[in-house]
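Here's the structure, in structure tokens; my notes come after.
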Amino acid sequence: MSDHFDVIVIGGGPAGYPAAIRAGQLGLSVACIDGWKNRDGTYAFGGTCLNAGCIPSKALLESSELLHRAHEEFALHGISTGPVSIDIAKMQKRKEQIVKGSTQGIMALFKGAKVTALTGHGRLLPGRQVEFTAADGSQKVLSANHVVLASGSNPTSLPTAVFDGKHIMDSWDALDLTETPKRLGVIGAGVIGVELGSVWRRLGSEVVILEASDTFLALADQQLAKEALKHFNKQGLNIRLGAKVSSATVGSDGVTVAYQDASGEQSLVVDKLVVAIGRRPNTAGLLAQGTGVMTDARGFIEVDEYCHTGVENVWAVGDVVRGPMLAHKGKEEGVMVAERIAGHHAQVNYHTIPSVIYTAPEIAWVGQTEEQVKANGRAYKVGNFPFMASGRARAMESTAGFCKLIADVETDEILGVHIIGPMAGELIGEAVLAMEYSATTEDLQLTMHAHPTLSEALHEAALSADKRAIDFINR
Ligand code: FAD
Ligand code: NAD
């Protein structure tokens, strides 16, 4: 192996590995260094997303949702079964196989793009040199024309509830539970809190989620957030807002969590406690003295809109830089950087990053919330369509939620789309594409949608923005 590459990528998660593959496709010589170590001691590329994030969480959401449907919905279809139960060990094994298949897939993709995969730790040295410490401890200094930093993020810890991996857990521990805890506490009602809370609730846990903010899903359109909270409460997710945790103590009865809310001091006893209060950029051991790469007050590597650090030919992408911590955002940044390195003029449209929360009902949005549009002082119109009025949703027995579209009154340009309901994460794709092309409400109105499909909800919401919806009474 040569010690010099056109590009060295440090980090093989969903930001780093696409950067490496795209650079390889463009004919550059590439090495991608990744040090992710699984709990069984094996190493795997794919980062948080494939090993302990997006993929395993979606596998468990799917299994637990099927169980829930078997309990709650089969009878409605006239399907009778014997007693329905779930084997948690088998469920976890399925998840592990999905993870393994996905991470092994990266190796095949690397081979196809002629990317050299290096397992171990990478540290940027001055002058675009990289110190590589292999898994066996041996060290080597590599050099590159360009270095891409893609070291991701780690869970934020809470000094008052220190992770012990057994009783006080992070999201990775919570994905790997081998039995259903009777009482599960979660600190943080963010994306992880509601997704993992939903998994274990459906599998039988009593779930209490303590959220410090008085506002539920503060980043989401608040009409959507209120609808979500209503459904989550109905499902038995006990979400307590304005709850400030002061301590968590492990004892013989489980974990006792002391917190304060509007009514005063409170206490909660649970068998397991998950802390999911956000994630922090991971730059531990990444930057040697004198590289010139800067981090901001919160530890994110500073970059411009093209993910360049300001140090010649050193780039950074994904969770370790500003912006939402989402796999697809990191992927687009990785691809953009690879293309810019190859001399192309790629860019990322940061205004059309979709967000999806994979609960039931599913939640998805793109663009501005109604609160943001209002704060910007823009004259706007809103179209709404309830899934109750969708023939397909009714056939699916999934009528909760709605599709909401916000557009500029004068230009008719779509400013944001917010969906809570069946397959919202799939439906949002059309809205992203529409906004990418600066579509107007009229463009969507004139686009034919197949019947009966869930996608008609977006069509009807667009029509409703001009009070011309067909399938429900315009308000
Ligand atoms: P990471 O995925 O964290 O990858 C960074 C990699 O770099 C890791 O393998 C790390 O070990 C390695 N590394 C770090 N430093 C070094 C070094 N010095 N040398 C060598 N290797 C190093 N996002 C979504 O878009 N959709 C979802 O459904 C979703 N679900 C999630 C569920 C959970 C439970 C969690 C925790 C996160 C979820 N996310 C989801 C967020 C998503 O996982 C992250 O946004 C994404 O993984 C970030 O990609 P990244 O490549 O920047 O970093
Ligand atoms: P988050 O930012 O989504 O939510 C954290 C929540 O914890 C917030 O509501 C915050 O107000 C609350 N909080 C903060 N400090 C607290 C405290 N001391 N006590 C109680 N509550 C507190 O973060 P997360 O849920 O940990 O997820 C981390 C990241 O992973 C997110 O940025 C998210 O984008 C990503 N993720 C994405 C998906 C997805 O795309 N479906 C799924 C999981 C995770």
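In each ligand, atom 1 is the first atom listed, and ligand 1 is the first ligand listed.
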Is the side chain of R340 donor-acceptor paired with the backbone N or O of A346 at a distance under 3.5 Å, no angle test?
yes

Heavy atoms only, cut-off 4.0 Å: how does I192 contact ligand 1, side chain, backbone, both, or neither?
side chain

Considering both backbone and side-chain atoms of H121, is one of its nitrogen or oxygen atoms within less than 3.5 Å of a nitrogen or oxygen in ligand 1?
yes

Mark up the atoms of ligand 1 that fall under 4.0 Å of a heavy atom belonging to L286, in ascending order.
18 (N)

Pick from W172, W36, Y358: the one approaching atom 11 (O) of ligand 1 most closely through a non-hydrogen atom
W36

Derivation and outcome, side chain to side chain contact (heavy atoms under 4.5 Å, CB included), residues W200 and K272:
CA-CA 11 Å; W200 293 106; K272 303 275 182 190; over 6 Å; no

Any N or O of K58 closer than 3.5 Å to N or O of ligand 1:
yes

How far is atom 51 (O) of ligand 1 from its nearest protein heavy atom, and which residue and atom is that?
A15 N, 3.0 Å

Below 3.5 Å only, please: the N or O atoms of ligand 2 paired with protein N or O atoms, distance on each line.
| unit_1 | atom_1 | unit_2 | atom_2 | d |
| --- | --- | --- | --- | --- |
| ligand 2 | 3 (O) | V191 | N | 3.2 |
| ligand 2 | 9 (O) | E211 | OE1 | 2.6 |
| ligand 2 | 9 (O) | E211 | OE2 | 3.2 |
| ligand 2 | 11 (O) | E211 | OE2 | 2.6 |
| ligand 2 | 21 (N) | A212 | N | 3.1 |
| ligand 2 | 23 (O) | G278 | N | 3.4 |
| ligand 2 | 25 (O) | V191 | N | 3.3 |
| ligand 2 | 25 (O) | I192 | N | 2.9 |
| ligand 2 | 26 (O) | G278 | N | 2.8 |
| ligand 2 | 34 (O) | M325 | O | 3.2 |
| ligand 2 | 40 (O) | V356 | O | 3.4 |
| ligand 2 | 41 (N) | E195 | OE2 | 2.9 |
| ligand 2 | 41 (N) | V356 | O | 2.7 |

Counting non-hydrogen protein atoms only, what is the nearest one to atom 40 (C) of ligand 1? Give residue, atom name and distance.
C54 SG, 3.2 Å

Considering only heavy atoms of C49, which atoms of ligand 1 have at least one such atom less than 4.0 Å away?
2 (O), 43 (O), 47 (O)

Output yes when a side-chain donor or acceptor of E211 lies under 3.5 Å from a complementary backbone atom of S213, and no otherwise.
yes

Within reach of ligand 1, part of S153 (heavy-atom separation under 4.0 Å)
backbone

Checking contacts here: is it the side chain or the backbone of P155 that comes within 4.0 Å of ligand 1, counting heavy atoms only? Could be both or neither.
neither

Ranking D319, I33, L124, L175 by closest non-hydrogen atom to atom 45 (O) of ligand 1, top hit is D319

With side chain to side chain contact (heavy atoms under 4.5 Å, CB included) as the test, would you mind laying out the steps for V148 and I8 before giving the verdict?
CA-CA 6 Å; V148 183; I8 294 179; over 6 Å; no

What verdict does the side chain to side chain contact (heavy atoms under 4.5 Å, CB included) test give for E312 and R128, after you've listed the backbone C-alpha separation in whole Å, the side-chain angles of each residue and the deciding distance to 0.1 Å?
CA-CA 9 Å; E312 196 185 5; R128 288 188 308 279; 4.1 Å; yes

Would a distance-only check, ignoring hydrogens and angles, find a side-chain to backbone donor-acceptor pair under 3.5 Å from S64 to L61?
yes

Does a side-chain N-to-carboxylate-O contact under 4.0 Å join E65 and R69?
yes

Can you list the ligand 1 atoms lying under 4.0 Å from a non-hydrogen atom of G318?
52 (O)

Decide, yes or no, whether a salt bridge links E333 with R322 under the criterion of side-chain N to carboxylate O below 4.0 Å.
yes

Between E332 and N349: side-chain donor-acceptor atoms closer than 3.5 Å
no

Is E371 salt-bridged to K374, cutoff N-O under 4.0 Å?
no

Any ion pair linking E206 and R201 (charged N to carboxylate O, less than 4.0 Å)?
no

Which heavy atom of the protein is the closest neighbour of atom 6 (C) of ligand 1, given with residue, atom name and distance?
D34 OD1, 3.4 Å

For N282, the ligand 1 atoms whose distance to one of its heavy atoms is below 4.0 Å:
14 (C), 15 (N)

Under a 4.0 angstrom heavy-atom cut-off, which atoms of ligand 1 come close to S57?
32 (C)

How does A150 reach ligand 1, if at all, at less than 4.0 Å between non-hydrogen atoms: by side chain, backbone, both, or neither?
backbone

Look at atom 37 (C) of ligand 1 and say which protein heavy atom is nearest, naming residue and atom and giving the distance to 0.1 Å.
G53 CA, 4.0 Å

Just need the protein heavy atom nearest to atom 2 (O) of ligand 1, so name the residue and atom and give the distance.
T48 N, 2.9 Å

Got a donor-acceptor contact below 3.5 angstrom from the N38 side chain to the D40 backbone?
no

Results of ring-ring contact (aromatic ring centres under 6.0 Å, His included) for H308 - residues two or more places apart only
W315

Under 3.5 Å: N/O of I10 near N/O of ligand 1
no

Suppose I only count heavy atoms of G47 and a 4.0 Å limit; which atoms of ligand 1 are within that range?
2 (O), 4 (O), 8 (C), 9 (O)

Option set G11, G13, P18, criterion heavy-atom distance to atom 7 (O) of ligand 1, minimum
G11

Flag, side chain of R123 to backbone of E131, donor-acceptor distance under 3.5 Å
no

Assess A174 for proximity to ligand 1: is some non-hydrogen atom of it under 4.0 Å away?
no

What are the two closest non-hydrogen atoms of V7 and A23, and how far apart are they?
CG2-CB, 4.3 Å

Less than 4.0 angstrom from a charged side-chain N to a carboxylate O is my criterion; do D221 and K404 meet it?
yes

Give me the residue, atom name and distance of the protein heavy atom closest to atom 20 (C) of ligand 1.
G120 O, 3.3 Å

Hey, does G285 come in under 3.5 Å of ligand 1, counting only N/O atoms on both sides?
no

Residue portion contacting ligand 1 (non-hydrogen atoms closer than 4.0 Å) for R123:
neither

Could you check E265, Q266, K244 and say which one makes a side-chain hydrogen bond (donor to acceptor under 3.5 Å, both in side chains) with Q260?
E265

Counting from 1 in the order shown, the ligand 1 atoms closer than 4.0 Å to a non-hydrogen atom of G152 are 1 (P), 3 (O), 5 (C), 52 (O), 53 (O)

Before accepting this row, confirm whether a basic side-chain N of the pair R183/D271 lies closer than 4.0 Å to the acidic partner's carboxylate O.
yes

Should one rank G35, P14, A327, G334 by closest heavy-atom distance to atom 24 (C) of ligand 1, which comes out on top?
A327

Ring geometry between W36 and W172 (parallel below 30°, tilted from 30 to 60°, perpendicular above 60°)
tilted

Answer yes or no: are there more than 12 heavy-atom neighbours, outside Y350 itself, under 6.0 Å from its atom OH?
yes

Tell me which protein heavy atom sits closest to atom 19 (N) of ligand 1, plus the residue, atom name and distance to 0.1 Å.
G122 N, 2.8 Å

Specify the protein heavy atom at minimum distance from atom 14 (C) of ligand 1: its residue, its atom name, and the distance to 0.1 Å.
S151 O, 3.3 Å

